[in-house]
Undergrad: 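First the structure, which I've put down as structure tokens, then a few questions once you've had a look.
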Amino acid sequence: MLDPKFIRENIDLVKETIKKRNLKLDLNALIKTDNSRRRLLVELEELRARRNKANDEISALLKEKKDPKPKISSMKAISEKIGALEIKLKEFDTELEKLVLTIPNIPHSSIPVGDAGCNKIVRSWGELPKFDFKPATHIEISQHLDIIDLPRATKITGSNFILFKGWGAKLERALFNFMLDLHTKKHGYTEIFPPFLVNRASMTGTGQLPKLEEDMYRLKDDDLFLIPTAEVPVTNMHRDEVLDEDSLPVYYTAYTACFRREAGSYGKDTKGLTRVHQFDKVEMVKFVKPETSYNELEKLVADAEDVLQLLGLPYRVNMLASQDLSFAASKCYDLEAYAAGVDKWLEVSSCSNFEAFQARRANIKFRRKNTKKLDFVHTLNGSGIALARTVIALLENYQQKDGSVVIPQVLRPYLDGKERIS
RNA sequence: GGUGGGGUGGCUGAGCGGUUGAAAGCGGCAGUCUUGAAAACUGUUGUGGGGAUUUUCCCCACCCUGGGUUCGAAUCCCAGCCCCACCGCCA
């Protein structure tokens, strides 16, 4: 969320943001509520000041053994008025909060303005694989190699779930182990293994709630949610905390399964592994000082790119335009890996700078040493990287004419030194 | 799941319905002393919000959360959440 005070003082900038994001949002209600609330607050606080003063006087009268009764009865009416105004204030607060939560983050000045067509490919890496045969899709390959069993996953649970088997299961495990090792040993992240279930406060802290409740799996009896990404538990580690300036930047990486209902996306990417309800992902999360956050974003993207480069998967880096940018982000790069069988660029990572948007909501601060003032940290996160889609790219790009699949060099130590799955 | 105990500032820990935003200690910061350090001593030290004559001043709120009683609540009542201990169940 944005700071209501910031909105008040930068109303033109917020209007411009809404325009850039192509949203239909009326700010008048917000401005009006904010003004009414403050007018009421002044009135209420004056009354409370009077009450406090009177209470001191009553207290003094009692000490002098004088009769406080007249004073007390004169205060009764004021107290009732205060009670009434407090109820009204609460209504304004609730309303204002509701309205403020509908305001998205301000896009960074460096990103293109426009819809997804304006997204900008800032760089590409690797060469597209060439075949002297028609490359098969990951569905065909995994069936042939007996490493993924979708019909049985459907039987056990339902459609759009995956069951990895044999070398498929080992490949999955090899991938996230490789990624965690890379981020912890080479890129300096601290490994976290968080709970996969989180409470409502955590979901609200990172912004999944209240907006996206429909997209989440929820355990009704306990009011807990299956995490849609490790971003939720890991970012919420520091919810309502004040971090040491010296401890920043904080880098965390975590493997988790991710659960998404994908409500409303039926009919889109329903075949194969592209869009599933449960997938594995290694996530990177950063807590940084505001003045460093854009530099940190570039480093975050580089860390995610390193995974793809070491796996030898061609990819491109897509800087999202204002209308394609998620609600809480100021700037975001998507990494898209090429998959030869389906001949598509698949989004395997999304690296975002949220500036103080999440930190304000989750109340994550740090104290500056020189001024001793509290300030919100900037939070960033990025996939490093999402697995099911990476498996698609691996299978399709490394397939051979004989139907086998070559294993990239970096994964072999995790797979008993095996060179190919056949 | 059952029983008992408990949630107060950065930490430990007092707190009678009425100058208690909160004792005391520790820690932090500044100063005195010292060649320097330690010790000792002195002072200082929470957060959020609002107002104005906006580098300063004034006010309000906050003692787990939400209600209630009262002229007045950290203190009394109710509900919830969380923590600790023991018992039960359990990988």
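Per chain, numbering begins at 1; letters A, B, ... match sequence-line order.
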Undergrad: What is the separation between atom CG on Asp240(A) and atom P on rU47(B), rounded to the nearest whole Å?
TA: 16 Å
Undergrad: Which heavy atom of Ser383(A) sits nearest to which heavy atom of Lys281(A), and what is that distance?
TA: CB-CD, 3.8 Å
Undergrad: Find which nucleotide of RNA chain B each of Leu62(A) and Leu41(A) is nearest to by heavy atoms, and output the residue with the more 5' nucleotide.
TA: Leu62(A)
Undergrad: Return the value, rounded to whole Å, for the distance between atom CG of Asp93(A) and atom P of rG48(B).
TA: 17 Å
Undergrad: Please give the distance between the P atoms of rU75(B) and rU70(B) as a whole number of Å.
TA: 16 Å
Undergrad: Is it the case that more than 12 heavy atoms not belonging to Arg152(A) sit under 6.0 Å from its CZ atom?
TA: no
Undergrad: Aromatic contact between Tyr252(A) and His238(A), with the criterion being ring centroids under 6.0 Å apart: yes or no?
TA: yes
Undergrad: Rounding to an integer number of angstrom, what distance separates rU44(B) and rA23(B) when you compare their P atoms?
TA: 13 Å
Undergrad: In the strands shown, is rU75(B) matched to any nucleotide by a Watson-Crick or G-U wobble pair with both distances under 3.5 Å, and which?
TA: none
Undergrad: For atom C1', what is the distance between rC63(B) and rC11(B), given to the nearest Å?
TA: 16 Å
Undergrad: Take atom C1' in rG15(B) and the same atom in rG7(B), then report the distance between them in whole Å.
TA: 15 Å
Undergrad: Using heavy atoms to find the nearest nucleotide of RNA chain B for Lys5(A) and Leu374(A) separately, return the residue whose nucleotide is more 5′.
TA: Leu374(A)
Undergrad: I'd like a table of atom pairs between the protein and nucleotides 10-12 of chain B - only N or O on both sides, under 3.5 Å - with the distance next to each one.
TA:
none

Undergrad: Whole Å only: how far is the CG atom of Asp3(A) from the P atom of rG48(B)?
TA: 11 Å
Undergrad: Please state the C1' separation for the pair rG17(B) and rU12(B) - nearest whole angstrom.
TA: 27 Å
Undergrad: For nucleotides 51-53 of chain B, give me every protein contact, N/O to N/O, under 3.5 Å, one pair per line with atom names.
TA:
from	atom 1	to	atom 2	distance (Å)
rG51(B)	OP1	Arg38(A)	NH1	3.1

Undergrad: Side chains of Thr235(A) and Ile364(A), heavy atoms from C-beta outward: is any pair under 4.5 Å?
TA: yes
Undergrad: Does rU54(B) pair with anything, Watson-Crick or G-U wobble, both distances under 3.5 Å, and if so, with which nucleotide?
TA: none
Undergrad: Report the base-pairing partner of rC90(B) (Watson-Crick or G-U wobble, both distances below 3.5 angstrom), or none.
TA: none
Undergrad: Rounded to whole Å, how long is the line connecting atom CG of Asp244(A) with atom P of rG28(B)?
TA: 13 Å
Undergrad: Scan every strand shown for a Watson-Crick or G-U wobble partner of rU42(B), both distances under 3.5 Å, and answer none if you come up empty.
TA: rA30(B)
Undergrad: Hey, is the main chain of Leu320(A) close enough, under 3.5 Å, to the side chain of Asn119(A) for a donor-acceptor pair?
TA: no
Undergrad: Can you tell me how far C1' in rG72(B) sits from the matching atom in rC16(B), rounded to whole Å?
TA: 15 Å
Undergrad: When the P atoms of rG25(B) and rC86(B) are considered, how many whole Å apart are they?
TA: 35 Å
Undergrad: When every nucleotide of nucleotides 59-77 of chain B is labelled 5' to 3' by its protein contacts under 4.0 Å (heavy atoms), B for base, S for sugar-phosphate only, - for none, what sequence of letters results?
TA: BBS-----S---BS-----
Undergrad: Is there a donor-acceptor pair under 3.5 Å between the side chain of Lys365(A) and the backbone N or O of Val377(A)?
TA: no
Undergrad: Paired with rU12(B) by Watson-Crick or G-U wobble geometry, both distances under 3.5 Å: which nucleotide is it?
TA: rA24(B)
Undergrad: Testing Lys88(A), Arg50(A), Arg48(A), Lys81(A) one by one against Glu43(A) for a salt bridge (Lys or Arg N to Asp or Glu O under 4.0 Å), which residue passes?
TA: Lys81(A)
Undergrad: Looking at rU19(B), which nucleotide sits across from it as a Watson-Crick or G-U wobble partner, both distances under 3.5 angstrom, or is there none?
TA: none
Undergrad: Is the closest basic N to carboxylate O distance between Arg200(A) and Glu213(A) below 4.0 Å?
TA: yes
Undergrad: Rounded to whole angstroms, how far apart are CG on Asp223(A) and P on rC82(B)?
TA: 11 Å
Undergrad: Checking base pairs now: Watson-Crick or wobble, both atom distances under 3.5 Å. What partners rA37(B)?
TA: none
Undergrad: For Met1(A), enumerate each residue passing the side-chain contact (heavy atoms from CB on, under 4.5 Å) test, keeping only those at least two apart in sequence or located in another chain.
TA: Val100(A), Leu101(A), Arg360(A), Arg361(A)
Undergrad: Say we look at rU65(B) and rC57(B): how far apart would their C1' atoms be, to the nearest angstrom?
TA: 34 Å
Undergrad: Do Glu298(A) and Tyr333(A) get their side chains close enough for a donor-acceptor pair, meaning under 3.5 Å?
TA: yes
Undergrad: Are any of the side-chain heavy atoms of Thr253(A) and Glu283(A) separated by less than 4.5 Å?
TA: no
Undergrad: Applying side chain to side chain donor-acceptor pair (under 3.5 Å), name anything that partners Asp93(A), two or more places apart in sequence or on another chain.
TA: Arg37(A)
Undergrad: Quick one: side-chain contact (heavy atoms from CB on, under 4.5 Å) partners of Ser73(A), sequence neighbours excluded?
TA: none
Undergrad: For rU3(B), what is the paired nucleotide under Watson-Crick or G-U wobble rules, both distances under 3.5 Å?
TA: rA85(B)
Undergrad: Could you tell me how far apart Leu61(A) (CG) and rU19(B) (P) are, to the nearest whole angstrom?
TA: 14 Å
